A.B. asks: 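Below is the structure I would like to discuss, written out as structure tokens.
Computed from a prediction, not measured in an experiment: that's the story for all the values here. Start at 1 and go down the list; that is how both ligands and their atoms are numbered.
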Amino acid sequence: MTLLEKTTANEPLLKRYPGNPIISRDAIPCSNSIFNSAIVPFGDGYRGVFRVDNQDRDMLIHAGRSADGLNWEIDHEPIRWKCRDAEIAKIVYAYDPRVTFLDGRYYVTWCHGYHGPCIGLGVTDDFESFEFLDIVLPPFNRNAVLFPRRINGRYVMLHRPSDNGHTPFGDIFLSQSEDLLHWGRHRFVMGTANGWQSTKIGAGPVPIETPEGWVLIYHGVLTSCNGFVYSVGAAILDLEEPWKVLHRTRRYILAPTEQYECVGDVPNVTFPCAALYDEATDELKVIYGAADTCTCMATTTMSELIAFTRANDMIPQGASGGNGAR
Ligand code: BMA
């Protein structure tokens, strides 16, 4: 049976963890919901930063720790960011964090409230003390993730320019920096496509480096008569020029079909923000927010993900370019 045939029986490539959700909406006293969160291996266990919408419906980021990546102890209070610049120090809102281990430190990017949604950058060494470095992209932008190393000497970030509402458009762009604070050399990476990714797309977890290219897991949105539907796909980007898309799934690898993905504060949402890849076993665990309510996990292997992305490729092979740049 080919990989494609294996996944035709209404089974997406990503297999849900049977114990989902791994973090319930009420895991800490103040929480209305805990979702779209980022976790990384740390020491003998794991650390993470969690989007917690509290019962005032503030959107804030809390730190947490876990021995096994499944059972989490999340701080009851949000992170108190240290910030040298009083102008930006006040946290109006902060959500949808990603954590990138880069140059030996843990960098956090998130959607930051400052005269509209923009991109905040912070750093921590221990997940106890966090420094808010600066706003690195101005409004309107609410989705960004850093690559885990410099490419050709420059830091690289994927992000999605947007508007101030529930943006009904969105393509993935890439920007580059010499110092993590000043960003330029902007490149178009990829735009919307048919079906599940027809309204907008946005980068998910930190891209993972493989011999085939950077594996990018991303979310794609379609507009139904009942609102947005958020599914998950994958792409493989060129190692040296990561704005070049080598392969990209025509078909989703996960879509909201389970009760906990379809019923919640925002129905029909699967929103990946982190991935744990174990090179020794090839296992890939994707952490995603479900229905803007709770946090879940789904798994595959990197070899299956790459084979599936190639087998379902929507990029014409043999053609130059092919990322749909306009
Ligand atoms: C996006 C963000 C995400 C959320 C998604 C679905 O615009 O706000 O945090 O998961 O919408 O509501």
Side-chain angles (χ1 to χ4, degrees), residues 14 20-25 31-39 48-54 57-62 78 91-99 108-114 116-120 137 139-145 158-173 191-192 196-205 217-233 252 254-275 286-298:
L14 290 184
N20 274 347
I22 59 170
I23 301 168
S24 63
R25 67 180 307 159
S31 61
N32 167 79
S33 42
I34 307 178
F35 55 110
N36 300 3
S37 300
I39 69 179
V49 290
F50 297 85
R51 169 169 177 176
V52 175
D53 289 8
N54 65 23
R57 298 305 297 262
D58 300 318
M59 304 177 285
L60 295 168
I61 300 174
H62 293 225
I91 303 286
V92 178
Y93 56 78
Y95 65 80
D96 293 2
R98 315 291 203 277
V99 177
V108 188
T109 49
W110 69 91
C111 173
H112 183 78
Y114 180 75
C118 54
I119 300 301
L137 293 178
F140 300 108
N141 201 313
R142 57 166 74 84
N143 192 73
V145 62
L158 295 171
H159 61 93
R160 180 185 59 206
S162 61
D163 67 12
N164 201 16
H166 298 295
T167 316
F169 63 87
D171 297 338
I172 300 178
F173 284 80
T192 54
W196 62 271
Q197 44 186 337
S198 52
T199 298
K200 55 180 167 176
I201 58 171
I217 295 166
Y218 66 97
H219 68 261
V221 180
L222 74 73
T223 305
S224 81
C225 57
N226 215 19
F228 289 156
V229 178
Y230 282 70
S231 302
V232 182
Y252 58 67
L254 188 73
T257 53
E258 289 298 307
Q259 180 94 0
Y260 50 82
E261 299 158 345
C262 299
V263 178
D265 285 356
V266 182
N268 309 322
V269 180
T270 50
F271 195 98
C273 286
V286 177
I287 310 301
Y288 64 98
D292 283 13
T293 298
C294 55
T295 304
C296 295
M297 184 171 84

A.B. asks: Any side-chain heavy-atom pair from C273 and F35 closer than 4.5 angstrom?
C.D. replies: no
A.B. asks: Quick check against the 3.5 Å criterion: does R98 have a side-chain atom that pairs as donor or acceptor with the backbone of G204?
C.D. replies: yes
A.B. asks: Between the candidates Y288, F35, F271, Y230, which shows the shortest non-hydrogen contact distance to atom 7 (O) of ligand 1?
C.D. replies: Y230
A.B. asks: Ring-plane angle category for F271 and Y230, please: parallel below 30°, perpendicular beyond 60°, tilted otherwise.
C.D. replies: tilted
A.B. asks: What protein heavy atom sits nearest atom 8 (O) of ligand 1, and how far off is it?
C.D. replies: Y95 CE1, 4.0 Å
A.B. asks: Just so I know, are the side chains of I217 and V286 near enough to count as touching, which here means a heavy-atom distance under 4.5 Å?
C.D. replies: yes
A.B. asks: Going by distance only, is there an N or O of R51 that falls short of 3.5 Å from an N or O of ligand 1?
C.D. replies: yes
A.B. asks: Under 4.0 Å from a heavy atom of V266: give me the atoms of ligand 1 that qualify, with their elements.
C.D. replies: 12 (O)
A.B. asks: I need the nearest protein heavy-atom contact for atom 12 (O) of ligand 1: residue, atom name and distance, please.
C.D. replies: D292 OD2, 2.7 Å
A.B. asks: Is H166 touching ligand 1 with its side chain, its backbone, both, or neither, if touching means heavy atoms under 4.0 Å apart?
C.D. replies: neither
A.B. asks: Number the atoms of ligand 1 from 1 as they appear, then name those within less than 4.0 Å of a heavy atom of N36, with their elements.
C.D. replies: 3 (C), 4 (C), 9 (O), 10 (O)
A.B. asks: Go through the steps to decide whether D265 and N32 satisfy the test side chain to side chain contact (heavy atoms under 4.5 Å, CB included), and finish with yes or no.
C.D. replies: CA-CA 9 Å; D265 285 356; N32 167 79; 2.8 Å; yes
A.B. asks: Identify the closest protein heavy atom to atom 3 (C) of ligand 1: which residue and atom is it, and at what distance?
C.D. replies: D96 OD2, 3.1 Å
